[in-house]
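A short write-up of the structure that comes next.
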Amino acid sequence: VQLQAFGGGLVQAGGFLRVSCAASGTTFSRYAVAWFRQAPGKQRKLVARASSTGVTYYTDSVRGRFTLSRDNAENTVYLQMNSLKPEDTAVYYCNTVTGSFPWGQGTQVTVSS
């Protein structure tokens with residue numbers, strides 16, 4: 001199984017990005033999936049998750065600004081990030097909620113103030 005996250009970049013505070021994560025070697029739709037992020041010097045943390053039936057949950061820090069969606073036909077999950085803040089700067093990863101698969105490289109999101 002491989003998870004490839006992409007779409008990150010440098011954006012100014014208040015801007016938006018959409019990051020994507022394509023899964024291969026598994027049928028991602030079977031799983032509850034999540035986006036995680038790891039800021040420099042900090043542990044990786046879950047920020048958004050979705051059940052296999054589409055029920056979503058967001059941490060307080062991103063609720064109302066981030067939206068997780070999934071395209072089961074494309075075996076891909078997305079994270080739309082709006083109203084970005086400098087504290088959103090991190091490497092973003094996707095995986096199952098329990099981190100079942102090898103972590104990919106993630107995608108770097110940098111928000112400048």
Side-chain angles (χ1 to χ4, degrees):
V1 175
Q2 287 190 326
L3 303 172
Q4 184 174 6
F6 55 95
L10 173 64
V11 63
Q12 288 187 330
F16 62 91
L17 279 174
R18 188 177 81 155
V19 292
S20 306
C21 178
S24 59
T26 187
T27 303
F28 223 21
S29 60
R30 296 178 182 173
Y31 301 94
V33 298
W35 280 97
F36 301 78
R37 69 185 181 189
Q38 186 168 19
K42 297 189 176 180
Q43 289 188 330
R44 185 157 45 206
K45 293 184 178 180
L46 183 149
V47 296
R49 68 174 188 248
S51 70
S52 58
T53 57
V55 177
T56 54
Y57 164 84
Y58 302 91
T59 61
D60 289 346
S61 60
V62 307
R63 187 175 296 119
R65 301 187 297 120
F66 289 13
T67 302
L68 186 158
S69 60
R70 53 197 310 174
D71 183 336
N72 292 333
E74 296 293 329
N75 225 20
T76 299
V77 294
Y78 305 97
L79 187 68
Q80 177 68 43
M81 304 183 289
N82 298 329
S83 302
L84 282 161
K85 304 176 181 180
E87 51 264 44
D88 295 319
T89 295
V91 179
Y92 284 72
Y93 304 85
C94 74
N95 210 315
T96 67
V97 170
T98 55
S100 302
F101 299 132
W103 295 92
Q105 290 181 293
T107 186
Q108 175 71 49
V109 172
T110 302
V111 184
S112 63
S113 57

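Below, each value reflects all heavy atoms present in this structure, side chains not excepted, and no hydrogens, waters or symmetry copies. Residues take their numbers from the sequence shown, with the count starting at 1.
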Minimum-distance pair of heavy atoms, taken over all atoms of [X] and [Y]:
X      : Y      : result
Thr107 : Gly7   : OG1-N, 3.7 Å
Ser113 : Pro86  : CB-CG, 3.8 Å
Thr26  : Ala23  : CG2-CB, 4.3 Å
Val11  : Leu17  : CG1-CD1, 4.1 Å
Ala50  : Leu68  : CB-CD2, 3.5 Å
Leu10  : Ser112 : CD1-CB, 4.3 Å

Value rounded to 0.5 Å, distance of [atom1] in [X] from [atom2] in [Y]:
X     : Y     : atom1 : atom2 : answer
Arg18 : Met81 : CZ    : CE    : 11.0 Å
Thr96 : Arg49 : OG1   : CZ    : 12.0 Å
Asn72 : Arg30 : CG    : CZ    : 11.5 Å
Cys94 : Phe6  : SG    : CZ    : 9.5 Å

Query - side-chain contact (heavy atoms from CB on, under 4.5 Å) partner of Val33, chosen from Val77, Asn95, Leu3, Val97 - result: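 By the side-chain contact (heavy atoms from CB on, under 4.5 Å) criterion, Val33 pairs with just one of Val77, Asn95, Leu3, Val97: Val77.
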Requested in this report: Would you mind reporting whether Ser20 and Glu74 have side-chain heavy atoms less than 4.5 Å apart?
Outcome: no
Is atom [atom1] of [X] surrounded by more than 12 heavy atoms (other residues, nucleotides or ligands) closer than 6.0 Å?
X      : atom1 : answer
Gln38  : CD    : yes
Gln108 : CD    : yes
Glu87  : CD    : yes

Report summary line: Applied to residues 10-56, the ring pair (Phe, Tyr, Trp, His ring centres under 6.0 Å) test, sequence neighbours excluded, yields Tyr31-Phe101, Phe36-Trp103
Report task. Would you confirm whether Arg70, through its side chain, and Ser51, through its main-chain N or O, come within 3.5 Å as a donor-acceptor pair? Result -> yes
Query raised in the report: Any donor-acceptor pair under 3.5 Å linking the side chain of Thr89 with the backbone of Val111?
Result: yes
Query raised in the report: Listed by chain and number, what are the ring pair (Phe, Tyr, Trp, His ring centres under 6.0 Å) partners of Tyr58, not counting sequence neighbours?
Result: none
Query raised in the report: Among the clusters formed by ILVMFWY side chains lying less than 4.5 Å apart, do Val47 and Tyr93 turn up in the same one?
Result: no
Query raised in the report: Does Lys45 have any side chain to side chain contact (heavy atoms under 4.5 Å, CB included) partners at least two apart in sequence or in another chain, and if so, which?
Result: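 Not a single residue meets the side chain to side chain contact (heavy atoms under 4.5 Å, CB included) criterion with Lys45.
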Query - SB check Lys85 Asp88 (cutoff 4.0 Å) - result: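 Salt bridge absent between Lys85 and Asp88.
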